[in-house]
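What follows is one structure encoded as structure tokens, with my remarks underneath.
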Amino acid sequence: MSAVLAGASVALVPVQATELYSQVSLMSSSEPVPVLDMVNGWDGPFQSGTYAYADARVAAGFRFGEQQRWNVEWERRWHYDLTFSEGMSRYYRAQEQGTDLANTESLSLEARTLEAQGLRLGREFRQRDWSITPALAVYRVSQWQFGSLDGVAEGGASDTASAELDYHYDQDRILEYGVNPAAGWGLSLDLVGSWQIDQNWSADVALKDILNRWYFEDSGYTNACINFNSPSETVCASSATASGKSGQEVFVASLRPTLMANLAYQPLNTRIELYHHGEFTRLGAEYRWRPLAELPEIGVAAYSTAQMGLGFYGRHWNLSLASDDLRTGFARDLQLQAGASWHW
């Protein structure tokens with residue numbers, strides 16, 4: 001995260017040259033299973049949990065104009081924001097493993113996921129000790145899954161359940177209703193700010209997706225009551241296993257904003273960091289030092305999520321990684337930052 005916010009601090013130094021840059025970022029956290037199992041199936045270690053979150057971005061852009069105050073950027077992003085009851089995590093685990101449920105479970109799920117690419121335009125406004133940069137992005141959305149599910153699953157066979165479903169999608173991954181919608185569009189506003197508090201202290205704040213709207217002209221949708229295997233306890237009435245309606249319609253959605261912040265004490269080259277999105281909150285601290293003048297800075301970090309981090313920060317490049325487990329397949333919290341820049 002320090003690398004993401006670092007641009008706001010560097011921008012306080014007057015520079016006339018144009019800068020071309022690229023960056024890759026990933027922040028992910030999964031309570032019930034390791035991050036890779038969220039993609040590949042819940043076959044690994046399991047614990048009851050209530051969220052899974054990931055935000056991955058690949059970007060390239062350039063800064064230009066007087067003191068590089070203007071910024072144009074191309075970005076591709078993948079955003080996954082799932083919240084669910086602990087009962088839902090136990091039910092899904094049983095479904096994946098083909099095992100019985102020990103008890104009746106309450107089911108609830110909220111999903112906000114998309115894949116998009118677009119262009120961002122930003123403009124920095126600067127005073128002597130502080131700066132603020134609003135940036136507006138326009139996206140084309142190629143994949144999306146938004147929806148909610150509420151219900152109950154009976155103890156015993158894990159395929160006996162009742163639920164109400166409200167679901168919008170580019171591809172129906174639950175009942176497999178066929179649709180072929182056009183791509184969606186999105187607008188999202190970010191704000192980045194920096195403050196040189198005094199000669200020792202500085203602070204950076206970034207608010208991602210602080211205002212955002214996603215518009216789909218003909219999104220696939222399903223509103224349904226689902227009763228698998230004639231459950232004795234139901235939350236809705238259906239004439240068959242599933243009844244309701246599916247089709248295509250105009251749909252408007254939004255993502256929850258993300259807060260990133262750090263407070264740096266420059267004499268000791270140390271900073272405290274905060275990352276917050278929905279149910280996921282992480283605090284951390286990083287210390288940096290330079291072994292030799294010609295070598296990049298080295299950073300070591302520790303986080304409230306049990307992650308340990310290692311970073312390398314050169315004049316025109318950076319690379320950092322944080323994980324709660326050295327075995328990638330077992331990690332529930334992963335962060336990757338990499339970037340490079342060229343000046344002329």
Exercise for review: Please assess Ser28 against Tyr80 for the test side-chain contact (heavy atoms from CB on, under 4.5 Å), listing each intermediate value before the final yes or no.
Suggested key: CA-CA 9 Å; Ser28 60; Tyr80 302 91; over 6 Å; no
Review point. For Glu31 and Glu279, what are the C-alpha separation, side-chain angles and deciding distance, and is it a side-chain contact (heavy atoms from CB on, under 4.5 Å)?
Key: CA-CA 10 Å; Glu31 272 197 328; Glu279 286 68 30; over 6 Å; no
Exercise for review: Go through the steps to decide whether Glu286 and Asn262 satisfy the test side-chain hydrogen bond (donor to acceptor under 3.5 Å, both in side chains), and finish with yes or no.
Suggested key: CA-CA 10 Å; Glu286 182 186 43; Asn262 71 54; over 6 Å; no
Exercise for review: Test side-chain contact (heavy atoms from CB on, under 4.5 Å) on Leu121 and Trp70 and set out the steps.
Suggested key: CA-CA 8 Å; Leu121 175 65; Trp70 288 94; 3.9 Å; yes
**Study point:** Verdict with reasoning, Thr305 to Asp324, per side-chain hydrogen bond (donor to acceptor under 3.5 Å, both in side chains)
**Key:** CA-CA 7 Å; Thr305 49; Asp324 65 332; over 6 Å; no
Exercise for review: Would you sort out whether Trp74 and Gln117 count as a side-chain contact (heavy atoms from CB on, under 4.5 Å), showing the intermediate values?
Suggested key: CA-CA 8 Å; Trp74 170 88; Gln117 60 181 324; 3.5 Å; yes
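Neither Leu36 nor Phe280 shares a network with the other; the hydrophobic side chains, linked directly or stepwise wherever heavy atoms of I, L, V, M, F, W or Y lie under 4.5 Å apart, form separate groups for each. One hydrophobic cluster holds both Phe228 and Leu101 under the rule that ILVMFWY side chains link at heavy-atom gaps under 4.5 Å. Val141 and Tyr169 sit in two unconnected hydrophobic clusters of ILVMFWY residues. Membership requires side-chain heavy atoms under 4.5 Å apart, directly or through other members. A single hydrophobic cluster is not seen to contain both Met308 and Tyr313; linkage of ILVMFWY side chains at heavy-atom distances under 4.5 Å, directly or through other members, places them apart. Note: the hydrophobic cluster containing Leu255 does not contain Ile210 (ILVMFWY, side chain heavy atoms under 4.5 Å, direct or indirect links).
Although no hydrogens or angles enter the test, the distance criterion places a donor-acceptor pair under 3.5 Å between the side chain of Tyr167 and the main chain of Arg173. Judged by distance alone, the side chain of Thr99 and the main-chain N or O of Gln97 form no donor-acceptor pair under 3.5 Å. Remark: side-chain polar atoms of Asn212 are not paired, donor with acceptor, to backbone N or O of Gly186 under 3.5 angstrom. Remark: the backbone N or O of Val235 is paired with a side-chain donor or acceptor of Ser162 at under 3.5 angstrom.
Put simply, the residue from Leu259, Ile132, Leu191 that forms a side-chain contact (heavy atoms from CB on, under 4.5 Å) with Val205 is Leu259.
Side-chain contact, Tyr91 with Ser85: no donor N or O sits under 3.5 Å from an acceptor N or O. There is a side-chain donor-acceptor pair under 3.5 Å between His277 and Asp81. Judged by distance alone, the side chains of Glu154 and Asn229 never bring a donor and an acceptor atom under 3.5 Å apart. There is a side-chain donor-acceptor pair under 3.5 Å between Ser194 and Asp204. With no hydrogens or angles considered, a side-chain donor-acceptor pair links Asp333 and Ser29 at under 3.5 Å.
Between Asp170 and Gln145 there is a side-chain heavy-atom pair separated by less than 4.5 Å. Side-chain contact between Val138 and Leu119: absent, with no pair of heavy atoms (C-beta onward) separated by less than 4.5 Å. Using a 4.5 Å heavy-atom threshold, the side chains of Arg69 and Arg123 count as touching. Between Leu149 and Met88 the shortest side-chain heavy-atom distance falls below 4.5 Å. With contacts defined as side-chain heavy-atom distances shorter than 4.5 Å, the pair Pro32/Tyr92 does not qualify. Taking 4.5 Å as the limit, every side-chain heavy atom of Trp144 sits out of range of all side-chain heavy atoms of Trp214. A 4.5 Å side-chain heavy-atom check between Glu124 and Arg63 finds every atom pair outside the cut-off. Counting heavy atoms from C-beta on, the side chains of Val300 and Leu310 come closer than 4.5 Å.
Counting all heavy atoms, side chain and backbone alike, Gln248 lies closest to Gly220 at CG-CA, 4.1 Å. The two atoms that bring Arg288 and Gly299 nearest to each other are CG-CA, 3.9 Å, heavy atoms only. Annotation for Met38 and Ala52: closest pair CE-CB, 3.3 Å, computed over non-hydrogen atoms. Here the shortest heavy-atom pairing between Cys225 and Asn227 reads SG-ND2, 3.5 Å. Taking all atoms of both residues into account, the shortest heavy-atom contact from Pro34 to Ser30 is O-OG, 4.3 Å. When all heavy atoms of Ala203 and Ile197 are compared, the closest pair comes out as CB-CD1, 4.2 Å.
For Tyr221 and Phe251, the gap between ring centers reaches or exceeds 6.0 Å. Aromatic pair Trp185/Tyr139: centroids not less than 6.0 angstrom apart.
Leu321 contributes atom CG, which lies 10.0 Å from atom CZ of Phe312 (distance to the nearest 0.5 angstrom). Interatomic distance, Trp78 CH2 to Leu114 CG, rounded to the nearest 0.5 Å: 11.5 Å. From Leu165, atom CG reaches atom CD1 of Ile226 across 5.0 Å, with rounding to the nearest 0.5 Å. In this structure, CZ on Arg256 lies 5.5 Å from OG1 on Thr83, to the nearest 0.5 angstrom. We find the OG-CG distance between Ser89 and Leu109 to be 11.0 Å, quoted to the nearest 0.5 Å. To the nearest 0.5 Å, the span separating CG on Leu189 from CG on Leu207 amounts to 9.5 Å.
The aromatic rings of Tyr287 and Trp289 sit parallel to each other, their planes meeting at less than 30°, with 60° as the upper class boundary. Using cut-offs of 30° and 60° for the angle between ring planes, the Trp201 and Tyr265 rings count as tilted.
A salt bridge links Arg57 to Asp209: at least one charged side-chain nitrogen sits closer than 4.0 Å to a carboxylate oxygen. Between Asp55 and Lys208, none of the side-chain N atoms (NZ, or NE/NH1/NH2) sits under 4.0 Å from a carboxylate O, so this pair counts as no salt bridge.
Applying the 6.0 Å contact sphere to CG of Leu295 captures more than 12 heavy atoms from other residues, nucleotides or ligands. Within 6.0 Å of atom CZ in Arg290, more than 12 heavy atoms from other residues, nucleotides or ligands are found, so the atom counts as buried in its surroundings. Crowding of Glu233 atom CD: a count of heavy atoms from other residues, nucleotides or ligands under 6.0 Å not exceeding 12. With a 6.0 Å radius and a threshold of 12 heavy atoms from other residues, nucleotides or ligands, Asp198 has its CG atom above the threshold.
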